Colleague: 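Please read through the structure below; I'll follow up with questions.
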Amino acid sequence: MEILVCVKRVPDTSENEIRLNADGTDIERDDVVYSVNECDNYAVEEALQIAERTGGSVTVVTVGGEDDEEVLRREMAMGAKNGVLLSDAAFAGSDAAGVAAILKAFVAQGKYDLILTGVQAEAGGAQVGGMLAAMLDYPFASLVTSIEVLDGAKLKIAREVEGGDRELSEIELPCVISIQTGINEPRYVGMRGVRQVASIPIPTFGAAQLGLSTAVVGAAAAKTVRLDYFLPPQGKGAEMWKGGREELADRLLEVLKAKGGLN
Amino acid sequence: MARVFAYIVHKSGIADDTAAELAAAARLIEPAQPPVAIVAGAGPELDAVCASVAGFYGEIWKIADAALSHPNAELVRQALAKLVPRGSIVLVPHQHFGIDLAPGLAIKLNAACAADAIAVAAADARALTVVRQEFGGQFHTHVRCDLSCGAVITVRPGAFKPVPASAPGTVVDRSADVGALTAKRRYLETIVAAAGDVDITREPVLVSVGRGIQEKDNIALAEELAEALGAVVSCSRPVADAKWLDKSRQVGTSGKTVKPKVYLACGISGSFQHLAGIKGNACLIAINKNPNAPIFQAAEIGIVDDILEFLPVLAAKVTELRGVGAKGGRP
């Protein structure tokens, strides 16, 4: 099975404190450490496991700039055979539908049985996969937590629904599936692995090669625009305790006693 | 102004809470014209759903089709793409079904799309501006949707306070207008989550750990504190994803809903999916080394510290209080 996984390089919020810039147009990006979007990493692992079972290969693709090559290399070090960068100044300012249109143009030039994305990235929209599927007229399933390949160009999938319940469905190939975290245990990638794929060329496709015009991609085509970033209005919020660790633990103990926290 | 439609999620004949919340959001977008509810499904239960939401909507469009006996976003999308006039605003709950439905619907309607709206900032005939969050709730943004082709907006459950119901709207049966529905995805069954070794939904005190616990071996720090307190350890999604604790210990929309007296959130950032799983009047105490963690907005008491350092200190104090050898008061 030929599998395409759409990945994104995002600020790593697990390790850094992210701040807004002075005029609220963006986050402060100077000292930010980036990594591959967490659920995309699960998607790549899932693709590799499927390819190991069924044969075929995994291609990772991202929409972005030169800096984004690092996440493609990381995922190639995991085992993805090819990495592709979709990059053009004309892509800047694309909304989710614009990004989906760029990916659609790339998909149309190849032959993929299965397209995986992560459920969502740092913006939390969870949109691109579903949009890509609709543009391709492929079936789509979001929040997928298991995939079994059936005979006859079908998958059996589980989706995560409320309360930890799992909704099982059959879905025809080709299809687009958004992968939820926890579906597998992504393999470890060391610096050595990344070095081994460092010299593999990563082809870049721009708007012209993809046959895309500014009518469908970029800021001019975007029907949805983020106007700013701002800090959430301060509600009541927590009573923030300050002091030494011992002192705070003593205070907390008193609260636990009072609130019934000692069972 | 564009007409506002709301997709009603329902199960076993009962409309989801979001049915009334979407009506409230719709009235903020368009106060002059009552919104339209879309109730799709099959069987006699559909009428009960229509009746239960009628007080919030001016019209209720009923779509009865045997193919919709289990909600399948691909089929619902086809039905909506046929029925909804171009240029309309469609509201959908931002939960597992809405996430399946909304992005593709926006493409088929050629509409703008914004996800997980928590407030309406501005609306006129040309544009709708909503507030949403990025970076797990750390930052908010205004997002403007061009309404020239309408918009599909997913709305965060719980974000809009329902307005009181008024005179019921008219139920209009649109079933005949959707035509044949066919899908390349077929529902099989729903597997109910397995019960775990402990039932965290019944525990009065939870020591809940998140990503800040860093590695599996550190779970012991939370277990030691929980044992001293006579409490139980629960967790947020990343800990269950990593299989450091069983899925049955996970609190949140995709895990369990808990109602403890005391909830000690340790190294949990506080995503809305997690917070939505904490109900009742829990005293929420948050310990997190990131002073900007959204959990501090929801908590009663906040301590900025590394849980790996703090938890052992607290556990030692609890043990000391209990007296040497005493290991919690649980029977």
Side-chain angles (χ1 to χ4, degrees), chain A residues 13-14 17-18 20 96-97 122-127 130-131 133-135 139-143 159-172 175 181-182 223-232 235 237-241 245-246 248-250 252-253 255-256 259-263, chain B residues 74 96 99-100 103-104 107-108 112-116 133-136 138-146 184-193 204-205 211 229-231 240-241 247 253-255 261-262 283 286 290 292 296-297 299-303 305 310 313-314 317-318 321 329-330:
Chain A
T13 52
S14 65
E17 197 183 307
I18 311 276
L20 294 186
E122 83 283 22
Q127 293 178 318
M131 290 177 163
M135 288 174 179
F140 170 66
S142 64
L143 296 156
R159 295 182 64 234
E160 179 182 272
V161 294
E162 62 274 320
D165 292 356
R166 300 163 79 236
E167 178 198 75
L168 306 187
S169 307
E170 275 183 9
I171 189 166
E172 291 175 23
C175 63
T181 55
K223 295 192 181 93
T224 305
V225 183
R226 182 180 54 229
L227 303 176
D228 60 6
Y229 282 99
F230 61 100
L231 286 170
E239 179 190 325
M240 298 302 290
W241 285 4
R245 191 169 283 144
E246 293 280 338
L248 293 181
D250 281 329
L252 189 50
L253 193 55
V255 170
L256 290 173
K259 299 276 185 184
L262 270 73
N263 235 5
Chain B
E74 196 179 348
H96 62 84
I99 289 172
D100 244 17
I107 295 305
K108 295 300 178 188
C113 192
D116 197 16
Q133 301 181 331
E134 293 198 13
F135 294 101
Q138 277 197 60
F139 304 121
H140 288 199
T141 71
H142 289 104
V143 171
R144 187 176 61 209
C145 296
D146 176 348
K184 295 175 190 159
R185 186 174 124 195
R186 192 168 64 86
Y187 170 75
L188 299 171
E189 61 177 318
T190 300
I191 308 286
V192 175
V205 185
R211 206 186 287 273
L229 288 169
D241 280 349
K247 185 87 180 162
T253 50
S254 56
K261 283 188 288 186
V262 175
C283 173
N290 177 3
N292 295 331
F296 289 128
Q297 286 302 307
E300 210 166 296
I301 293 166
I303 294 173
D305 200 356
F310 188 83
V313 173
L314 183 60
K317 297 214 181 268
V318 177
L321 180 79
R330 289 165 69 83

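Quantities reported herein were computed from a predicted structural model and do not represent experimental measurements. Proteins get letters first, then strands, A, B, ... in listed order; numbering begins at 1 in each.
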Colleague: Using a cut-off of under 4.5 Å on heavy-atom pairs, state which of A:Gly182, A:Gly124, A:Ala238, A:Ala134 scores highest against chain B.
Modeller: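 Greatest number of close heavy-atom pairs with chain B: A:Ala238.
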Colleague: Going by heavy atoms in the side chains, are A:Phe140 and B:Arg185 under 4.5 Å from each other?
Modeller: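 No; the side chains remain at least 4.5 Å from each other.
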Colleague: Against chain B, work out which of A:Gly260, A:Ala126, A:Gly163 has the most heavy-atom pairs shorter than 4.5 Å and name it.
Modeller: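 Ranked by heavy-atom pairs under 4.5 Å with chain B, first place is A:Gly163.
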Colleague: If I compare all heavy atoms of B:Val313 with all of A:Ala249, which pair ends up nearest, and what's the gap?
Modeller: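 Looking at all heavy atoms of both residues, the shortest contact is CG1-CB, 3.8 Å.
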Colleague: Does any heavy atom of chain A fall under 4.5 Å from the side chain of B:Glu189, the backbone, both, or neither of them?
Modeller: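 The answer is both parts of B:Glu189.
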Colleague: Under 3.5 Å, is there a donor on one side chain and an acceptor on the other for A:Glu160 and B:His96?
Modeller: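 Side-chain D/A pair, A:Glu160 to B:His96: absent.
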Colleague: Among B:Leu314, B:Asp116, B:Asn290, who wins on heavy-atom pairs under 4.5 Å with chain A?
Modeller: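 Highest number of pairs under 4.5 Å: B:Leu314.
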Colleague: Taking every non-hydrogen pair under 4.5 Å, which of B:Cys145, B:Ala286, B:Ala240 racks up the most with chain A?
Modeller: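 The option with the most such pairs is B:Cys145.
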Colleague: Calculate, to the nearest 0.5 Å, the distance between atoms CG and OG1 belonging to B:Asp146 and A:Thr224 respectively.
Modeller: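 Interatomic distance, B:Asp146 CG to A:Thr224 OG1, rounded to 0.5 Å: 8.5 Å.
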Colleague: From A:Ile171 CD1 over to B:Leu188 CG, what is the distance, rounded to the nearest 0.5 angstrom?
Modeller: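 If I round to the nearest 0.5 Å, the distance is 11.0 Å.
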Colleague: Which bit of B:Val262 comes within less than 4.5 Å of chain A, counting heavy atoms only: side chain, backbone, both or neither?
Modeller: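 It is the side chain, since no backbone atom gets that close.
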Colleague: Less than 4.5 Å to any heavy atom of chain A: does that hold for the side chain of B:Arg186, its backbone, both, or neither?
Modeller: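 Both parts, heavy atoms under 4.5 Å.
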Colleague: Go through the atoms of B:Thr253 and report whether side chain, backbone, both or neither lie under 4.5 Å from a heavy atom of chain A.
Modeller: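 Interface part for B:Thr253: backbone (N, CA, C, O).
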Colleague: How about A:Leu252 and B:Ile303: do any of their side-chain heavy atoms sit closer than 4.5 Å?
Modeller: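 Side-chain contact under 4.5 Å: yes.
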Colleague: Which bit of A:Ala96 is near chain B, if near means a heavy-atom gap under 4.5 Å: side chain, backbone, both or neither?
Modeller: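 Neither part; nothing is under 4.5 Å.
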Colleague: Taking side chain as everything from C-beta outward and backbone as N, CA, C, O, which of these in A:Ala133 sits under 4.5 Å from a heavy atom of chain B? Side chain, backbone, both or neither.
Modeller: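 Neither part.
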Colleague: Hey, what do you get for CZ (A:Arg245) to CZ (B:Phe310), rounding to the nearest 0.5 Å?
Modeller: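 Answer for the CZ-CZ pair, A:Arg245 versus B:Phe310, is 8.5 Å.
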Colleague: Please round to the nearest 0.5 Å and tell me the distance separating atom CD of A:Gln127 and atom CD1 of B:Ile99.
Modeller: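 Here the interatomic distance stands at 10.0 Å.
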Colleague: Taking all non-hydrogen atoms of both residues into account, name the closest pair between A:Gly164 and B:Ala193 and its distance.
Modeller: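 That would be O-CB, 3.5 Å.
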Colleague: Could you tell me which non-hydrogen atom of A:Ile18 sits nearest to which non-hydrogen atom of B:Asn292, and how far apart they are?
Modeller: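 It is O-ND2, 4.4 Å.
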Colleague: Less than 4.5 Å apart, any side-chain heavy atom of B:Cys113 and any of A:Met131?
Modeller: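 Sidechains of A:Met131 and B:Cys113: in contact.
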Colleague: Measure the acute angle between the ring planes of B:Phe135 and A:Tyr229, then classify it against the limits of 30° and 60° as parallel, tilted or perpendicular.
Modeller: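 Plane angle between 30° and 60°, so tilted.
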Colleague: Any idea which heavy atoms bring B:Asp100 and A:Ser142 closest together, and the distance?
Modeller: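 So the minimum-distance heavy-atom pair works out to OD1-OG, 2.6 Å.
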Colleague: Where on B:Cys283 is there a heavy atom nearer than 4.5 Å to chain A: the side chain, the backbone, both, or neither?
Modeller: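 Answer is side chain: those atoms of B:Cys283 sit under 4.5 Å from chain A.
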Colleague: Which distance, rounded to the nearest 0.5 Å, do you find between the CE of A:Met135 and the NZ of B:Lys108?
Modeller: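 So the gap between those two atoms works out to 9.5 Å.
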Colleague: Please classify the contact of B:Ile107 with chain A as side chain, backbone, both or neither, using a heavy-atom distance under 4.5 Å.
Modeller: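 For B:Ile107, the contact with chain A is made by the side chain alone.
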Colleague: Quick one: closest heavy-atom pair of B:Val318 and A:Leu253, and the distance?
Modeller: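 B:Val318 and A:Leu253 have their closest heavy atoms at CG2-CD1, 3.5 Å.
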Colleague: Checking A:Asp228 side chain against B:Thr141 main chain: does a donor-acceptor pair fall under 3.5 Å?
Modeller: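 No, because the side chain of A:Asp228 does not come within donor-acceptor range (under 3.5 Å) of the backbone of B:Thr141.
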Colleague: What's the spacing between A:Thr13 OG1 and B:Glu134 CD if we round to 0.5 Å?
Modeller: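 Nearest 0.5 Å value for the OG1-CD distance: 12.0 Å.
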Colleague: Of the listed residues (A:Gly125, A:Gly130, A:Pro232), which shares the most heavy-atom pairs with chain B below a 4.5 Å separation?
Modeller: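 Top count of heavy-atom pairs under 4.5 Å with chain B: A:Pro232.
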Colleague: Indicate yes or no: does B:Lys317 engage A:Glu246 in a salt bridge with an N to O separation below 4.0 Å.
Modeller: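 Salt bridge flag = yes for A:Glu246 with B:Lys317.
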Colleague: For chain B, which candidate among A:Leu143, A:Val161, A:Val255 shows the most heavy-atom pairs at distances under 4.5 Å?
Modeller: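 It is A:Val161.
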